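Single-structure report; data block below.
In this text the structure is predicted, and so the values were computed from the model without any measurement. Hydrogens, waters and symmetry mates are skipped; everything else that's a heavy atom, side chains included, is used.
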Amino acid sequence: MAKVEEIVSQIKELSIMDVAELVKALEDEFGVSAAAPMAVAAPVAGAGAEAAAEEKDSYTVVLTGAGDNKINVIKVIRELKPELGLKEAKDLVDKTPSNIAEGVKTEEAKKMEEKLKAAGAAVELK
């Protein structure tokens, strides 16, 4: 039990991105999924459209809100889009909803979404 508690305390010190990478590494290493098992149910009307949306291979990352810590969101925007200056990044954050990136592959879009959410932003993938 002491080993488990030690591991848990180490995980608490990791960033959200590091924890996400850890989960993926554990899934790959042991051939398991960390996703909660879903109950099997009859298809619901409109579920087909949702499944089709999940099969997309590229997304538009949309910032829908900056949250309480706008400065952190601006920093993440500048990290994700180094070509933007401070003013341009601030303008994107101030004028939500704003497209942060368009035509981004699924994996990259999810990473961008995680970073922005970790900074306190509200984000949608379309």
Side-chain angles (χ1 to χ4, degrees):
M1 193 61 158
K3 284 185 178 183
V4 173
E5 290 175 8
E6 181 181 337
I7 292 170
V8 170
S9 69
Q10 290 175 349
I11 291 172
K12 286 181 182 179
E13 295 174 12
L14 297 175
S15 71
I16 292 174
M17 292 299 292
D18 289 338
V19 172
E21 289 178 25
L22 173 64
V23 169
K24 177 148 178 41
L26 291 171
E27 288 175 338
D28 292 344
E29 178 69 25
F30 297 107
V32 296
S33 174
M38 296 180 63
V40 177
V44 178
E50 208 173 286
E54 289 181 21
E55 294 175 11
K56 290 175 60 172
D57 60 350
S58 66
Y59 291 89
T60 298
V61 180
V62 181
L63 178 70
T64 58
D68 293 335
N69 203 340
K70 194 161 86 170
I71 293 171
N72 281 347
V73 176
I74 292 170
K75 287 179 182 179
V76 172
I77 297 285
R78 293 200 62 212
E79 177 186 326
L80 297 174
K81 298 184 66 111
E83 70 275 9
L84 293 181
L86 181 59
K87 182 182 180 338
E88 291 86 0
K90 182 182 178 302
D91 289 345
L92 275 177
V93 172
D94 287 340
K95 298 175 184 169
T96 56
S98 301
N99 290 352
I100 303 303
E102 296 178 11
V104 180
K105 295 205 182 273
T106 305
E107 185 176 312
E108 183 65 24
K110 291 194 183 282
K111 285 181 183 179
M112 293 173 88
E113 178 185 33
E114 286 177 17
K115 284 183 178 185
L116 288 162
K117 284 185 175 181
V123 182
E124 287 182 14
L125 297 181
K126 292 185 177 184

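Within 6.0 Å of the NZ atom in Lys81, the count of heavy atoms belonging to other residues, nucleotides or ligands exceeds 12. Residue-environment remark: CG (Leu22) exceeds the threshold of 12 foreign heavy atoms within 6.0 Å.
Clustering ILVMFWY residues whenever any of their side-chain heavy atoms sit less than 4.5 angstrom apart, transitively, puts Leu26 in the very cluster that holds Leu14. Two different hydrophobic clusters hold Ile71 and Val76 under the rule that ILVMFWY side chains link at heavy-atom gaps under 4.5 Å.
Annotation for Leu86 and Arg78: closest pair N-NE, 3.7 Å, computed over non-hydrogen atoms. For the pair Pro97 and Val62, the tightest heavy-atom approach, listed with the atom from each and the gap, is CB-CG1, 3.9 Å. Of all heavy-atom pairs between Val93 and Ala66, the closest is CG1-CB, 3.4 Å. Taking both residues in full, the closest heavy atoms of Lys117 and Val123 are given as CE-O, 4.0 Å, listed atom of the first, atom of the second, then distance. Closest approach of Glu6 and Ser9 over heavy atoms only: O-OG, 2.7 Å. Across Met112 and Ala101, no two heavy atoms sit closer than the pair CE-CB, 3.7 Å.
Atom CG of Leu63 sits about 10.0 Å away from atom CG of Asp94, to the nearest 0.5 Å. One finds the NZ atom of Lys70 at 11.5 Å from the CG atom of Asp68 (value rounded to the nearest 0.5 Å). In this structure, CD on Glu113 lies 6.5 Å from NZ on Lys110, to the nearest 0.5 angstrom. Note that the CD1 atom of Ile100 and the CG atom of Leu125 stand 11.5 Å from one another [nearest 0.5 Å]. A distance of 9.0 Å separates NZ in Lys90 from NZ in Lys95, rounded to the nearest 0.5 Å. Distance check: Leu116 CG to Thr64 OG1 gives 10.0 Å after rounding to the nearest 0.5 Å.
Looking at Lys111 and Glu107, a side-chain N of the basic residue comes within less than 4.0 Å of a carboxylate O on the acidic one, giving a salt bridge.
The backbone N or O of Gln10 lies less than 3.5 Å from no partner atom in the side chain of Glu13, so there is not a single donor-acceptor pair.
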Exercise for review: Given salt bridge (Lys or Arg N to Asp or Glu O under 4.0 Å), test Lys126 with Glu124 step by step and report yes or no.
Suggested key: CA-CA 6 Å; Lys126 292 185 177 184; Glu124 287 182 14; 3.7 Å; yes
